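Residue numbers begin at 1 in each chain, while the letters A, B, ... track the order of the sequences. Keep in mind it's a predicted model, so treat the numbers as computed, not measured.
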Amino acid sequence: MSLVLYDTLSREKRPFEPRDEGKASLYVCGPTVQSDAHIGHGRAAVVFDLLRRYLAASGYEVTFVQNVTDIDDKIIMRARRERVDPAVIATRYTRAWNRTMDALGVLPPDIQPLATGHLLEMQALIGELLEQDKAYEADGDVFFRVRAFEGYGKLSRRQVDEMQQGDDIVDADRKEDPLDFAMWKSAKPGEPAWPSPWGPGRPGWHIECSAMAAKHLGGGFDVHGGGLDLVFPHHENEIAQHEAAHGAPFVRTWVHNGMVQMGDAKMSKSVGNVVSLEEAIHQWGPGPLRLWYLSAQHRTPLIFDTDRLRDATTTHQRFTTFLRSAARVVDIADGDLEADPVQRHVAAFRAGMDDDLNAPAAVAALHELVTAGNETLPLAEKGDADAAATLAGFAAALRHLGDDVLGLALEASLADAAGVEQQLGVLVEQLLDQRAAARADRDFATADAIRDQLAAAGVVVEDRPEGARWYAATPEER
RNA sequence: GGCGGGGUAGCCAAGUGGUAAGGCAGGGGACUGCAAAUCCCCCAUCACGGGUUCGAUUCCCGUCCCCGCCUCCA
């Protein structure tokens, strides 16, 4: 494998060369747990889940860290509104986040550090920066001195001297420079606070990621991810804090995903035009939803459009239909991905993924693989051993690439349907016997009525030369 | 204003200095009692204007348009 990733810092595609041979260390900015996840969060989650799965499938030992910001202004405000402790809010939405990620088929992080669990690490980093005079204290707040870090602006390509500041500079009275940002905020009355050398307070947002990433992955880890909207100021500040303190590179490769947009506008909590991730999963299913996310390269914008979700659903069905057909004639577990006609498509898939996770190209390879697989189906059904072996290879490849790498939950959908088939089997067989009799009498009105009834119940009937065959629709088809 | 990303068939979307993957929709065909599923065929000259080149959609310049960031944000 020769994966290349587009690195935001250097603005170029660069070969993925991990710090530690055979291992991959990833840190992805997680949620601020103050409300439910929306489909924009889902995209970021799927993009980095994809990276992680692909690295794992390629043989890397992956350590995936995703933090939870469980203390910040919005959590406090929400807690006030509901008259509960901020920790109640944080706990509630952390659980909701994890539940929703599970439903989306996103593998759980190996480490999910909480900001409130790393106050000491953050304070140590702040202390180091103070010692080096790259930060200063002001009335219990500690600010990072932006101009003390010569690399400031390198990620977002901004010139410090040309940065415009809005009219509403926070803490303008205490900052030496409007560009400086808070690493520690002194507690205001009624706010949650932790003791610190600078008095009771809480951490700023950016400091947690600098501290937690370094703690769990060490300096110079492989990939730091997040949404493009985090490039500035969040990631810029993370770099500044780490590199100013340690004088060594923070991250090897920066990967950012593009935004989900609603029509022409970006979707975000502050605009209020959000689509709940949980509802989207419920409505379309995790597989189709992921296929929609994967329908565009991860850095380009993706417009929310139910027609495109329908396309994704169609694709998902095409894939599950092929697996179901193949499973009827061969044991997919016997399939050899390296077999001649199969390998070509697997290679095309990997070539796409290797090129900066070009998911649209990878999915296209899967489409071509399925077409080739469907072509072998009739021969395999007739008992042709070569065709059967090839068919098993195609199916095994789709199962592996589709489920293990892309996380499409194809097998899960089929398993769901299989459960229904078990429950309905006796009943359906009886109806099909009646239908067969009707067809023998050329009473097609009755035969079609039975088929329609079954269809309404989620049972699909296919007439084959050797007789009728049926299956339960997958959740996505219902 | 600064920084960045884009304009490819009805729609979505890859991609390449040598006449453009894949999907959806649409049309035609095979199969079927009819369907379903599946297969086959058809369906673009790549925003516009220059330039470089034997040759550009792909490189350069300009124009127009869209979007994101510059404040919390995946």
Take A/Trp97 and A/His41 through the test ring-ring contact (aromatic ring centres under 6.0 Å, His included) and record every step on the way to the result. CA-CA 10 Å; A/Trp97 170 270; A/His41 295 114; 5.7 Å; yes
Listed partners of A/Thr94 passing side-chain contact (heavy atoms from CB on, under 4.5 Å), at least two apart: A/Val33, A/Val68, A/Asn98
Which listed nucleotide (B/rC69, B/rC12, B/rC72) is nearest to the side chain of A/Ser295? B/rC12
Pair partner, B/rU16 [Watson-Crick or wobble, under 3.5 Å]: none
Applying a 3.5 Å limit to both distances, which nucleotide forms a Watson-Crick or G-U wobble pair with B/rU57? none
Would you indicate what A/Gln159 reaches in the nucleic acid, counting non-hydrogen atoms under 4.0 angstrom: base, sugar-phosphate, or nothing? nothing
Over how many whole Å does the gap from A/Leu230 atom CG to B/rC70 atom P extend? 10 Å
Within the pair A/Asn358 and B/rG15, is there a side-chain N or O less than 4.0 Å away from OP1 or OP2? yes
Pairwise C1' distance for B/rA21 and B/rC54, with rounding to whole Å: 28 Å
Any N/O pairs under 3.5 Å between the protein and nucleotides 24-28 of chain B? List them or say none.
from, atom 1, to, atom 2, distance (Å)
B/rC24, O2', A/Asp311, OD1, 2.7

Scan A/Val28 against the nucleic acid and name what it touches under 4.0 Å (heavy atoms): base, sugar-phosphate only, or nothing. nothing
Produce the list of close N/O pairs, under 3.5 Å, pairing protein atoms with atoms of nucleotides 30-33 of chain B; give distances to one decimal.
from, atom 1, to, atom 2, distance (Å)
B/rG33, N7, A/Arg439, NH2, 3.0
B/rG33, O6, A/Arg435, NH2, 3.4
B/rG33, O6, A/Arg439, NE, 3.3
B/rG33, N1, A/Asp448, OD1, 2.9
B/rG33, N2, A/Asp448, OD2, 2.7

What is the separation between atom CD on A/Glu375 and atom P on B/rA37, rounded to the nearest whole Å? 18 Å
Between B/rG15 and B/rC46, how far apart are the two C1' atoms, rounded to whole Å? 11 Å
For atom P, what is the distance between B/rG28 and B/rU45, given to the nearest Å? 22 Å
For nucleotides B/rA20 and B/rA25, find the distance between their P atoms and express it as a whole number of Å. 25 Å
What integer number of Å spans the C1' atoms of B/rG62 and B/rA74? 36 Å
A/Gln297 has an atom CD; how far is it from atom P of B/rA13, in whole Å? 12 Å
So what's B/rG62 paired with, Watson-Crick or G-U wobble, going by both distances under 3.5 Å? B/rC48
A/Lys154 atom NZ is separated from B/rG4 atom C1', nearest whole Å, by 19 Å
Below 4.0 angstrom from OP1 or OP2 of B/rC39, is there any side-chain N or O of A/Asn374? yes
Stepwise, does the ring-ring contact (aromatic ring centres under 6.0 Å, His included) test hold for A/Phe221 with A/Phe250? CA-CA 7 Å; A/Phe221 61 92; A/Phe250 179 42; 5.5 Å; yes
Under a 3.5 Å limit for both distances, which nucleotide forms a Watson-Crick or G-U wobble pair with B/rG1, could you say? B/rC70
May I ask you to say whether A/Lys154 pairs ionically with A/Glu243, meaning some side-chain N is under 4.0 Å from a carboxylate O? yes
Is it true that A/Phe394 and A/His345 have ring centroids separated by less than 6.0 Å? yes
Would you indicate what A/Arg43 reaches in the nucleic acid, counting non-hydrogen atoms under 4.0 angstrom: base, sugar-phosphate, or nothing? nothing
What is the distance, rounded to the nearest whole Å, between atom CG of A/Asn237 and atom P of B/rC70? 12 Å
Distance in angstrom units between A/Asp229 CG and B/rC67 P, rounded: 17 Å
What's A/Glu462 touching, base or sugar-phosphate or nothing? Going by heavy atoms closer than 4.0 Å. base
Sequence neighbours left out, what passes side-chain contact (heavy atoms from CB on, under 4.5 Å) with A/Asn374? Give chain and number order. A/Arg318, A/Phe322, A/Val370, A/Leu377
Applying side-chain contact (heavy atoms from CB on, under 4.5 Å), can you list everything that pairs with A/Leu431, at least two apart in sequence or on another chain? A/Gln434, A/Ile450, A/Leu454
Only pairs at least two apart or in different chains count here, so list each salt bridge (charged side-chain N to carboxylate O under 4.0 Å, His left out) that has a residue in residues 284-300 of chain A. A/Asp49-A/Arg290, A/Arg299-A/Asp356
Please figure out whether A/Glu368 or A/Ser156 has its closest RNA chain B nucleotide nearer the 5' end. A/Ser156
Indicate whether OP1 or OP2 belonging to B/rC12 is found under 4.0 Å from a side-chain N or O atom of A/Trp292. no
What nucleotide among B/rA21, B/rG5, B/rC69 has an atom nearest to a side-chain atom of A/Tyr6? B/rG5
What distance, rounded to whole Å, do you find between the two P atoms, one in B/rU52 and one in B/rC12? 35 Å
For a quick check of understanding: with a heavy-atom distance under 4.0 Å over all strands, which category does A/Ser325 fall into, base, sugar-phosphate or nothing? nothing
Is it the case that over 12 heavy atoms from other parts of the model lie below 6.0 angstrom from the CZ atom of A/Arg95? no
Contacts of A/His367 that satisfy ring pair (Phe, Tyr, Trp, His ring centres under 6.0 Å) - sequence neighbours left out: A/Phe319
Under 3.5 Å for both donor-acceptor distances, Watson-Crick or wobble: does B/rU38 have a partner, and if so which one? B/rA30
Identify, with sequence neighbours excluded, every residue that meets side-chain contact (heavy atoms from CB on, under 4.5 Å) alongside A/Ala387. A/Leu379, A/Ala380, A/Asp384
What's the CZ-P distance between A/Phe232 and B/rC73, to the nearest Å? 12 Å
Pairwise C1' distance for B/rC41 and B/rG5, with rounding to whole Å: 38 Å
Atom CZ of A/Arg344 with >12 non-hydrogen neighbours under 6.0 angstrom: no
Within the structure shown, what part of the strands sits under 4.0 Å from A/Gly42 by heavy-atom distance: base, sugar-phosphate, or nothing? nothing
Which part of the nucleic acid, if any, lies within contact of A/Leu228, taking any heavy atom under 4.0 Å across all strands shown: a base, the sugar-phosphate backbone alone, or nothing? nothing
Going by the rule ring pair (Phe, Tyr, Trp, His ring centres under 6.0 Å), which residues pair with A/His206 if we only count those two or more places apart in sequence or in a different chain? A/Phe181, A/His234
B/rC66 versus B/rA47 - spacing of their C1' atoms, nearest Å: 11 Å
What is the separation between atom CG on A/Leu155 and atom P on B/rC69, rounded to the nearest whole Å? 16 Å
So what does A/Asp356 touch, heavy atoms closer than 4.0 Å: a base, only the sugar-phosphate, or nothing? nothing
